[in-house]
Structures are given as C-alpha cells and as structure tokens.
Amino acid sequence: MHKTTWVELSSEALRHNANIVRRLAPKAAILAMVKANGYGHGASWVAECLHQQVDGFAVARLSEAQQLRAKLTQKHIQARIVQLGTAVDAAVLQTCSAQQLDLIIHDLESAKLLAASALPQPITVWLKMNIGMNRLGMSATEFTQAHQLLSCQSHIADIHHMSHFSDAEDTDPSLTAQQSLRLSELSASLSTARHYPLSMANSAAIIAHPNCHYDWVRPGIMLYGDDPTQRLSAANALKPVMTFKAKVLAVRGVDASDGVGYNRRWRAKSNARIATVAAGYADGYPRHAPDGTPVLVNGLRAKVAGRVSMDLMTIDVSQLPQTAVGDEVTLWGEGLPAAEVGSHCGTISYELFTRITDRVERVYF
Ligand SMILES: *Cc1c(COP(=O)(O)O)cnc(C)c1O
C-alpha cells in the first residue's frame, strides 16, 4: 500500500503497559483513560485490546462515551464506561442511565438534579471532591451533602468517591499525601456501615505514590508508554504504543549560507544535505518545533532544519549521506520518546499524541 504519513500502533506494547500498571497496583481495579480518542490512539481499539485486562474505561465527553458504548456493543463487549467532568442536565442523565454510562458528579447542583430524577435504570456515580487542583470537584461540605442526598436513592446503583491530584509527579510526596488524606478521611467519615470505593491515582501517582492507589487507579499516559515521573525502574519500563512515521519525499544538497523552508529560518553553515519529509503541522507534528528537534532516519538521529510547514518538514541529513527518497523517518515512538520531542517543542507527549490528525493513516498491529 502507498503510505506517506502514518502512525503504527502496537497492541503488544499497550498490553505490556497495562501489565505494568497491574504489577504496580496489584490490589486496585483499573480504569483505563481513553478520553480524546484514547490519547489519539483510537479509543475503541484500546478498549478492544484491554477489556480483559482492565476493569473499565473513562472518557471526557458524552459523545465519546456514546461512541465507545456503540462500538463495544457491536463487538459484544460489556465494559464499564465512565464519563469525566461533563455538563450534567436532565437529558444527559437519561442518556447515561439508558446506555449504562457511569457519571462523575462534580458539583452539588448536578447531585440535586440527579437525586430528583426518575431514571429508566439505576446508574453508578463517582462523586468528585476538590482536593487542591481547583478545577472541578466539590468542597468537603458539598461533597458530604451530595453523598447524603444520593446514598439513599434507589436509582443510584453505586457511589464511588474520587478526586484528582494536582502535583503527583512532584519529587516531594508531601503535597500529594495531604491531598489524598482530604478525601480518604472524609470518605471514611461518611459511613461506618460500608466502604465506598475510592479513586485518586493517575499515572504519576500509580508510579510515585503507592500508598495512594486505593480501590481504583486511573492510568492514562503510562498505558500509552510515557512515564510522567521518569522514575520507573528498568524492570518496569513502558513501551511506546504509537510510532509516528513519514517518508522522505526529496533529498537535495544546499550550499553554505543557503536557507531552508519558510523565511529560510535554518541556514546552512557549510554545504549540507536536506531531506524533505511528508509530515507537517496538518498531520499533527508541532509547527513550533525548533531547529535541532530530533527525528530518526532509518533508525539514526537527524535534526529538524527549517520551519515545519503544513504538509512537509525539512531535516538536516548531512551526517547521514545514504539518506534517499522513500526512506522512513520516525518522528516519535519506537527509538525516540515522544516526551523527548515534546521537551524540544515546549510540550508533553499527551499533546503530541492527541494532535495527530485524521488524514494520518492508522496501522494497527
Ligand atoms: C486524564 C485523567 C487521568 C489520567 O492521567 P494520566 O496523567 O494520563 O495518567 C486520570 N484522572 C483524570 C480525572 C483524568 O482526567
């Protein structure tokens, strides 16, 4: 098949990474984060690969939840699907109930609306507390009220208590420990009769804060192969799931002081060779990548030279004289961590992954 610009997605790497989560958090259930189309990897593909290894999936928008439910139903896969902070109204509640989508309730208004609703089937809710990020979530007082309002309703199948850390990748664990106590102590105080499942840990906390795993962990980026803490041991190393590749379309010599690309941002210091690659910002490669951002040509390192344009980018292959039209260039993934490319571009792997656009072919292994 004729391919110029594509991502390769490895189910083996994905399953490997899920096994690492399982190894690090052996007692916790796993809610795999597949928001933003599975961090750009394909939410339904991720769910199909992992549904036997994990205990549920979470997305950010109702449309994502509905699409995932439809795809999984087609494949006869039953799975818990949780919707993160969405705007809750009467219609959303009916849809969640009808399609068996768990809902995160992050404010008291939504809890009141839910308490007063008649639903076709009971639904499971995850009550969210604000423990310091100040983005979504209830205060301790609101959380307590919401819990009391919902815990006695027959249309609520179950209640989970959840929150989200602001600084889990910080090398100083004390803030995360404090934040974790805010919810765990409140949760314990709300009922002596039973324990409500608790969930706080994202990837960084799964890796760096084993005492904050509680009942459900919520790995995102680590499933896709990036360790946000950079502290995993070699024995638990993650594997990149996505490798972004493109072909060399042209190779040319340029003379000393010639410029390359728009505004000739890159200037040759001496005679150089430039390869033009079939990837640009319309494919999801960052336009603000500076000269010197690494790429791999046939497995060897070269550097971005010149401004990334919509469909094309240029790289300096003066040190790789065998480079030819048709060669494969890896923009990130196997052999070149997305986090490293991100650090050159002032961003993180999360953003690189989620910005891959539709015209980039997906090749699933
Ligand atoms: C995205 C998200 C996660 C996963 O975060 P990672 O850093 O990718 O592991 C966990 N919890 C919530 C609420 C999220 O929105």
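Each residue takes its place number in the sequence, starting with 1. Whatever order the structure lists ligands and atoms in, that order sets their numbers, starting from 1.
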Identify whether Leu113 and Leu108 are in the same connected component of the hydrophobic contact network (ILVMFWY, side-chain heavy atoms under 4.5 Å). no
Parallel, tilted or perpendicular: ring planes of Trp45 versus Tyr364, cut at 30 and 60 degrees: tilted
the protein heavy atom lying closest to atom 9 (O) of ligand 1 turns out to be Ser203 OG, 2.5 Å
Does any N or O atom in Gly220 lie less than 3.5 angstrom from one in ligand 1, N or O only? yes
Please check whether Ala204 reaches ligand 1 - meaning an N/O of the residue sits under 3.5 Å from an N/O of the ligand, judged on distance alone. no
If the cut-off is 4.0 Å to any non-hydrogen atom of Met33, which atoms of ligand 1 fall inside it? 2 (C), 3 (C), 4 (C), 10 (C), 11 (N), 12 (C), 14 (C)
Is it true that, when you exclude Asp358 itself, more than 12 heavy atoms of the residues, nucleotides or ligands shown sit nearer than 6.0 Å to its CG? no
List the residues meeting side chain to side chain contact (heavy atoms under 4.5 Å, CB included) with Asp226, not counting sequence neighbours, and say none if there are none. Ile221, Gln230, Ala339, Ser349
Distance alone, cut at 3.5 Å: any donor-acceptor contact between the side chains of Trp126 and Asp102? yes
Proximity of Leu84 to ligand 1 by residue part, where a heavy atom lies under 4.0 Å: side chain
Could you check whether Ser199 and Arg218, counting side-chain N and O atoms only, form a donor-acceptor pair closer than 3.5 Å? yes
Look at atom 10 (C) of ligand 1 and find which of Lys128, Arg218, Met222, Glu169 reaches it with the closest heavy atom. Arg218
re atom 7 (O) of ligand 1, the protein heavy-atom contact at minimum distance is Tyr350 OH, 2.6 Å
Go through ligand 1 atom by atom and flag the ones less than 4.0 Å from a non-hydrogen atom of Ile221. 6 (P), 8 (O), 9 (O)
Taking ILVMFWY side chains as joined if any heavy atoms are under 4.5 angstrom apart, and letting links pass through other members, which residues group with Leu181? none
Just distances here: any N/O of Tyr39 and N/O of ligand 1 closer than 3.5 Å? yes
Heavy-atom proximity to atom 15 (O) of ligand 1 ranks first, among Met200, Lys35, His164, for Lys35
